[in-house]
J.: 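Below is a structure I'd like to ask you about.
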Number of protein chains: 2
Amino acid sequence: MKDSATPTCTPRQFSATCPSRELFDQIADKWSMMVLTVLDGGPQRFNTIRRSLEGVSQKSLSQTLRRLERNGLVTRRVLATAPVAVEYEMSALGRTLLPPFRTLYRWTRDNIPAVEAARAAFDAGHDPR
Amino acid sequence: MKDSATPTCTPRQFSATCPSRELFDQIADKWSMMVLTVLDGGPQRFNTIRRSLEGVSQKSLSQTLRRLERNGLVTRRVLATAPVAVEYEMSALGRTLLPPFRTLYRWTRDNIPAVEAARAAFDAGHDPR
DNA sequence: CCGTATCCTAAAGGATACTG
DNA sequence: CAGTATCCTTTAGGATACGG
């Protein structure tokens, strides 16, 4: 028997139960990717990250950080100060993700004119309303 | 006057109105990223893509493809066959995103053991219930 | 300061049916 | 085949209040 143990799993076939796909689902969301991009600048405290991601709620950020920590991409350290401070930092595993994330961030920064031109062309050809 | 025209916009400060951030929001979701990864293999038809992404609904895929097309990352071509066939293909702009996406896909494929180990360690230390 | 818990609303997204 | 439209359920996520 080898059916349920080996779901099809290639860059062309994202089976729902494929471990690669499940991992993809865990990090391919905007808050996770923005948190990791922010932490590329060094360890950050909770509220500092919160202020860096305009529009994120405390709850969403908390959930995102916890998931990133659980998956080993981020480490959490409680500083024995008063009041308590908590620092989040990229783990060694997380740092292996930085190259593609840096590239992606630069891409969004550098291709705004190209994308806006594409949108204008699209909107011109497709009835608005 | 230069206040509303220049929101803070760095890898450390994702202002909600920053064009880079808005573009980030448009592509940093799992379906968009999976579609682009699938189209890395060449032009694909609608239902072929659909079958490649187990769990995606016709509606979600349709919305995702339309947004990718509007942003200029993907081109849509109607083939004059009967019945009609529609082919989606990476645009030149979209292809500039491939390197980080390929890296990301390989990462999810290659780091499953590391992530699973991290999860086990995390779950061991944090009361499940 | 750093969260968790609760509530509640808004939005994403699936199922189904129907059109070009 | 490739969608659009409608309905309806599920989930994400914001606001608030409170605890460590």
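Side-chain atoms are counted along with the backbone in the values below, which use heavy atoms only and exclude waters and symmetry mates. Proteins get letters first, then strands, A, B, ... in listed order; numbering begins at 1 in each.
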J.: Minimum heavy-atom separation for A:R109 to A:I112, with atom names?
T.: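 Heavy-atom minimum between the residues: O-CD1, 3.7 Å.
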J.: From CG of B:D29 over to C1' of C:dG13, roughly how many Å is that when rounded to an integer?
T.: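 Rounded to the whole Å, the gap is 12 Å.
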J.: Find which nucleotide of DNA chain C each of A:A85 and B:K30 is nearest to by heavy atoms, and output the residue with the more 5' nucleotide.
T.: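 The residue whose closest nucleotide sits nearer the 5' end is A:A85.
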J.: If you pin A:V84 and A:Q63 to their nearest nucleotides in DNA chain C, which one's is more 5'?
T.: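 Of the two residues, A:V84 wins.
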J.: Within the structure, does a side-chain N or O atom of B:R76 lie under 4.0 Å from either OP1 or OP2 of D:dA2?
T.: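 False: B:R76 side-chain N/O out of range (4.0 Å or more) of D:dA2 OP1/OP2.
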J.: Nearest whole angstrom, please: distance from the P of C:dT4 to the NE2 of B:H126.
T.: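 Rounded to whole Å, this separation is 9 Å.
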J.: Under 4.5 Å between any side-chain heavy atoms of A:D40 and A:F101, yes or no?
T.: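 Heavy-atom side-chain distance check fails, nothing below 4.5 Å.
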J.: Is the shortest side-chain N/O distance from A:R45 to OP1 or OP2 of C:dC2 below 4.0 Å?
T.: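 True: A:R45 side-chain N/O within range (under 4.0 Å) of C:dC2 OP1/OP2.
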J.: For B:N47 and D:dC1, what is the distance between atoms CG and P respectively, to the nearest whole Å?
T.: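 Computing the B:N47:CG to D:dC1:P distance gives 6 Å.
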J.: Decide whether A:S91 and A:T75 meet the rule of one side-chain donor and one side-chain acceptor closer than 3.5 Å.
T.: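 No, no side-chain donor-acceptor contact under 3.5 Å.
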J.: Just N and O in the side chain of A:S62: are any of them under 4.0 Å from OP1 or OP2 of C:dC2?
T.: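 For C:dC2, OP1/OP2 do not have a side-chain N/O of A:S62 under 4.0 Å.
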J.: Could you check how far CD of B:E54 sits from P of C:dG14, rounded to whole Å?
T.: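 In whole Å, C:dG14 P and B:E54 CD are 12 Å from each other.
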J.: Counting N and O atoms only, with roles assigned by atom type, does the side chain of B:S57 sit under 3.5 Å from a partner on the main chain of B:S60, one being a donor and the other an acceptor?
T.: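 A pair under 3.5 Å: yes.
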J.: Grab the N/O contacts between the protein and nucleotides 14-18 of chain D below 3.5 Å, and write none if there aren't any.
T.:
from	atom 1	to	atom 2	distance (Å)
D:dG14	OP1	A:G55	O	3.4
D:dG14	OP2	A:S57	N	3.0
D:dG14	OP2	A:S57	OG	2.5
D:dG14	OP2	A:S60	OG	3.4
D:dG14	O6	A:K59	NZ	2.8

J.: For a quick test of reading the model, state the closest non-hydrogen atom pair linking B:V35 to B:L65 and the distance between them.
T.: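 Shortest heavy-atom contact: CG1-CD2, 3.9 Å.
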J.: Does any N or O in the side chain of A:R67 come within less than 3.5 Å of the main-chain N or O of A:Q26, such that one atom is a donor and the other an acceptor?
T.: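 The answer is yes, because a donor-acceptor pair under 3.5 Å joins these two groups.
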J.: CD of A:E87 versus P of C:dG3: gap in Å, rounded?
T.: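 Answer to the nearest Å: 12 Å.
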J.: Please check: side-chain N/O of A:R95 versus main-chain N/O of A:M90, any donor-acceptor pairing under 3.5 Å?
T.: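 Yes, A:R95 side chain to A:M90 backbone: donor-acceptor pair under 3.5 Å.
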J.: Bend angle of the helix from C:dG3-D:dC18 to C:dG20-D:dC1 from five-pair axes at both ends, rounded to 10°?
T.: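 What I find for the helix from C:dG3-D:dC18 to C:dG20-D:dC1 is an axis angle of 40°.
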J.: Can you measure A:R77 atom CZ to C:dG3 atom P for me and round it to whole angstrom units?
T.: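 Distance, rounded to whole Å: 14 Å.
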J.: Using the side chain to side chain contact (heavy atoms under 4.5 Å, CB included) rule, take B:F122 and B:R119 through it: C-alpha gap first, then chi angles, then the decisive distance, then the call.
T.: CA-CA 5 Å; B:F122 182 91; B:R119 286 179 188 162; 5.6 Å; no
J.: Just the rounded figure in Å: distance from P of C:dG3 to CD1 of A:I49.
T.: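 Whole-Å distance recorded here is 9 Å.
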J.: Between A:N111 and A:A114, is there a donor-acceptor pair closer than 3.5 Å when you use the side chain of the first and the backbone of the second?
T.: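 No; zero donor-acceptor contacts below 3.5 Å.
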J.: For B:R50, report the nucleic acid contact type (base, sugar-phosphate, nothing); a contact means any heavy atom under 4.0 Å.
T.: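 Here B:R50 touches no strand at all.
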J.: In whole angstrom, what separates B:L65's CG from C:dG13's C1'?
T.: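 Spelled out: CG on B:L65 to C1' on C:dG13 is 15 Å.
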J.: Contact class for A:V86 vs. all strands (heavy atom < 4.0 Å): base, sugar-phosphate, or nothing?
T.: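 Contact class for A:V86: sugar-phosphate only.
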J.: Looking at A:R21 and B:E54, would you say the former's side chain and the latter's main chain have a donor-acceptor pair under 3.5 Å?
T.: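 The answer is yes, because a donor-acceptor pair under 3.5 Å joins these two groups.
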J.: For a quick test of reading the model: is some side-chain N or O of B:Y88 closer than 4.0 Å to OP1 or OP2 of D:dG3?
T.: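 So the side-chain polar atoms of B:Y88 do come within 4.0 Å of the phosphate oxygens OP1 or OP2 of D:dG3, strictly under.
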